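Below: the structure, in structure tokens.
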2 protein chains.
Amino acid sequence: MSANSRLTIAAHALTWIGLYQRRGHEVATSEQIAASVNTNPVVIRRLLAELRKAGLAESRRGAGAGWMLARDLAAITLLDVYQAIEPGPVFALHRATPNPECVVGHGIGPAMTAVYDGVEAALRAELAGTTLEDVLRDILKAA
Amino acid sequence: MSANSRLTIAAHALTWIGLYQRRGHEVATSEQIAASVNTNPVVIRRLLAELRKAGLAESRRGAGAGWMLARDLAAITLLDVYQAIEPGPVFALHRATPNPECVVGHGIGPAMTAVYDGVEAALRAELAGTTLEDVLRDILKAA
DNA sequence: CCACGTCGTAACAACTAGAGTTACGACCAT
DNA sequence: ATGGTCGTAACTCTAGTTGTTACGACGTGG
């Protein structure tokens with residue numbers, strides 16, 4: 001399916017900011033976050049920019065700049081994060097429209113769309129059941 | 001997520017074969033299927049080869065060759081098809097291993113894996129609830 | 001009011017996967 | 001033997017993800 005790591009990285013970044021703030025710091029820099037994720041700071045800034053658009057994160061510029069959570073970890077579900085960074089569906093229909101003169105070619109689109117809608121709903125329900133607070137609790141429990 | 005159309009095409013092909021056989025034909029050629037899907041026959045042969053490996057389809061070679069279902073449409077769920085063609089997970093973890101000296105970097109992997117396992121289970125359960133017979137019924141009902 | 005640290009973002013390269021296409025050998029009923 | 005079809009390799013094209021460099025914009029602290 002060519003799965004990507006965007007949800008993982010986004011959850012990592014937000015959780016890291018949350019823990020960092022909980023330890024008394026105001027803002028976290030993309031460089032600090034990137035050091036934990038083990039990637040380039042620009043990758044973090046790009047992802048956090050999308051999360052900011054979705055109202056999950058905030059940023060400050062200038063000296064002493066950095067990133068903050070817009071809401072508490074407990075108020076952010078993985079579904080919120082997912083929706084902020086993954087606009088498209090999990091399954092795609094045909095790239096080229098199938099033969100409309102064929103019964104199957106004509107009806108397969110709507111039929112599969114109905115199934116895919118159900119799948120997306122199940123996926124979202126599952127993601128909605130976990131908050132970043134849950135993720136952090138898991139992390140600290142295992143440490 | 002860069003979703004692909006493999007599940008859609010695979011379901012289309014199998015359903016087409018099923019309907020074609022139900023109308024009295026022995027085998028369906030990749031060219032006929034490709035004409036309904038509106039793609040290249042090789043694309044169909046490649047996909048059906050994977051479905052054959054999973055025991056969902058069979059093929060004959062030589063003259064009068066072509067494809068058949070290995071099981072009835074009612075005995076093939078979309079989960080069967082999905083598993084035959086999509087080996088990987090929907091969500092990936094970090095590409096590079098995160099910083100193990102950071103609490104979050106160390107614990108985020110297992111934490112997200114637990115969530116992703118739940119998501120995959122929900123997705124599979126949803127796909128398991130629909131057979132190709134259901135898909136064909138939808139198609140014929142809408143026609 | 002300037003300097004420094006950080007964000008914001010464009011631009012590019014590397015890599016991967018999906019999809020389409022061509023080509024050709026293998027196979028087998030007729 | 002012939003012709004139709006599968007089996008599969010090889011190639012191209014496209015798009016998305018990730019990493020990287022670069023540089024302007026910004027604003028706080030000195």
Side-chain angles (χ1 to χ4, degrees), chain A residues 1-10 12-13 17 20 25-35 37-53 57-68 70 82 85-98, chain B residues 1-10 12-13 17 20 25-35 37-53 57-68 70 82 85-98:
Chain A
M1 181 79 79
S2 90
N4 64 44
S5 59
R6 291 163 61 82
L7 181 55
T8 302
I9 307 296
H12 187 154
I17 298 172
Y20 194 63
H25 303 87
E26 279 249 10
V27 298
T29 70
S30 60
E31 192 162 1
Q32 293 172 317
I33 302 167
V37 174
N38 187 18
T39 185
N40 192 292
V42 174
V43 173
I44 300 298
R45 291 207 289 270
R46 274 199 297 233
L47 254 183
L48 285 177
E50 297 184 54
L51 295 171
R52 181 181 49 207
K53 276 182 211 156
E58 290 172 358
S59 66
R60 272 190 211 153
R61 309 185 63 169
W67 296 85
M68 303 161 293
Y82 175 73
I85 60 178
E86 293 287 356
V90 175
F91 295 108
L93 292 184
H94 305 70
R95 174 174 288 202
T97 61
Chain B
M1 179 81 75
S2 92
N4 64 43
S5 59
R6 289 163 62 81
L7 182 55
T8 302
I9 308 297
H12 186 153
I17 297 173
Y20 194 62
H25 302 88
E26 278 247 12
V27 298
T29 70
S30 61
E31 193 162 358
Q32 293 171 319
I33 301 167
V37 173
N38 188 18
T39 184
N40 192 290
V42 174
V43 174
I44 301 298
R45 291 207 288 270
R46 273 198 296 233
L47 254 183
L48 285 178
E50 297 184 54
L51 296 170
R52 182 182 47 208
K53 276 183 212 154
E58 291 171 358
S59 66
R60 271 190 213 154
R61 310 186 63 169
W67 296 86
M68 304 162 293
Y82 174 74
I85 61 177
E86 293 287 357
V90 175
F91 296 108
L93 293 185
H94 306 70
R95 173 175 288 202
T97 59

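Each chain gets a letter, A, B and so on, in the order its sequence line appears, and its residues count up from 1. Just so you know, these numbers use all the heavy atoms, side chains as well, and skip hydrogens, waters and symmetry mates. The model shown is predicted, which means the values in this text are computed figures rather than measured ones.
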Go through the steps to decide whether A/Arg45 and A/Ser30 satisfy the test side chain to side chain donor-acceptor pair (under 3.5 Å), and finish with yes or no. CA-CA 6 Å; A/Arg45 291 207 289 270; A/Ser30 60; 3.1 Å; yes

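- For the side chain to side chain contact (heavy atoms under 4.5 Å, CB included) test with A/Ile9, the passing option among A/Asn4, A/Ile44, A/Ile85 is A/Ile44; the others fail.
- Considering only side-chain atoms of B/Ala65, the nucleotide from C/dC7, D/dC6, C/dC4 that sits closest is D/dC6.
- Side chain A/Arg45 to base D/dT18: no donor-acceptor pair is found below 3.5 Å.
- For B/Asn4, the listed nucleotide lying nearest its side chain is C/dA19; candidates were C/dA19, D/dT18, D/dG24.
- Looking at the side chain of A/Ser30, the nearest of the listed nucleotides C/dC7, C/dA19, D/dG7 is C/dC7.
- Taking every side-chain heavy atom of A/Arg46 into account, D/dT18 is the closest of D/dA10, D/dT18, C/dG8.
- The CD1-C1' distance, from A/Ile17 to C/dC7, rounds to 13 Å in whole Å.
- Rounded to an integer number of Å, the gap from B/Ile85 CD1 to C/dA19 P is 9 Å.
- Between A/Glu31 atom CD and C/dG8 atom P there is a gap of 15 Å when expressed in whole angstrom units.
- If A/Asn38 and A/Gly64 are placed on DNA chain D by their nearest nucleotide, the residue sitting closer to the 5' end is A/Asn38.
- For B/His94 and D/dG19, the NE2 to C1' distance is 15 Å, given to the nearest whole Å.
- Phosphate contact (OP1/OP2 of C/dA19, side-chain N/O of B/Thr39, threshold under 4.0 Å): absent.
- Here the P atom of nucleotide D/dT5 and the CG atom of B/Leu48 are 15 Å apart, to the nearest Å.
- The separation between B/Arg60 atom CZ and C/dA29 atom P is 9 Å, rounded to whole Å.
- Position along DNA chain D of the nearest nucleotide to B/Ala28 versus A/Glu86 favours B/Ala28 as the more 5'-ward residue.
- Residue B/Ser2 has no polar side-chain atom (N or O) positioned under 4.0 Å from OP1 or OP2 of D/dT17.
- As rounded to whole Å, 20 Å separates atom P of D/dG16 from atom CD1 of A/Ile9.
- Per the geometry, CZ belonging to A/Phe91 stands 15 Å off C1' belonging to C/dG18, to the nearest Å.
- Nearest to the side-chain atoms of A/Asn40 among the listed nucleotides C/dC28, C/dC7, D/dT20 stands D/dT20.
- Ranking C/dT22, D/dT20, D/dG24 by closeness to the A/Val42 side chain, first place goes to D/dT20.
- Nearest nucleotide to the side chain of A/Arg6, out of D/dG19, D/dT18, C/dA19: D/dT18.
- Counting heavy atoms from C-beta on, the side chains of A/His94 and B/Thr39 never come closer than 4.5 Å.
- A distance-only check finds a donor-acceptor pair linking the side chain of B/Glu86 to the backbone of A/Met1 [under 3.5 Å].
- Here the side chain of A/Ser59 pairs no donor or acceptor atom with the backbone of A/Ala49 at under 3.5 angstrom.
- Distance from the side chain of A/Arg95 is smallest to C/dG20 among C/dG20, C/dC7, D/dT20.
- Comparing D/dC6, C/dC4, D/dG3 against the side chain of B/Arg61 picks out D/dC6 as the nearest.
- In this structure a side-chain-to-backbone donor-acceptor pair under 3.5 Å is missing from B/Ser5 to B/Thr8.
- When the side-chain nitrogen and oxygen atoms of A/Ser5 are compared with OP1 and OP2 of D/dT18, one or more of them lie within a distance under 4.0 Å.
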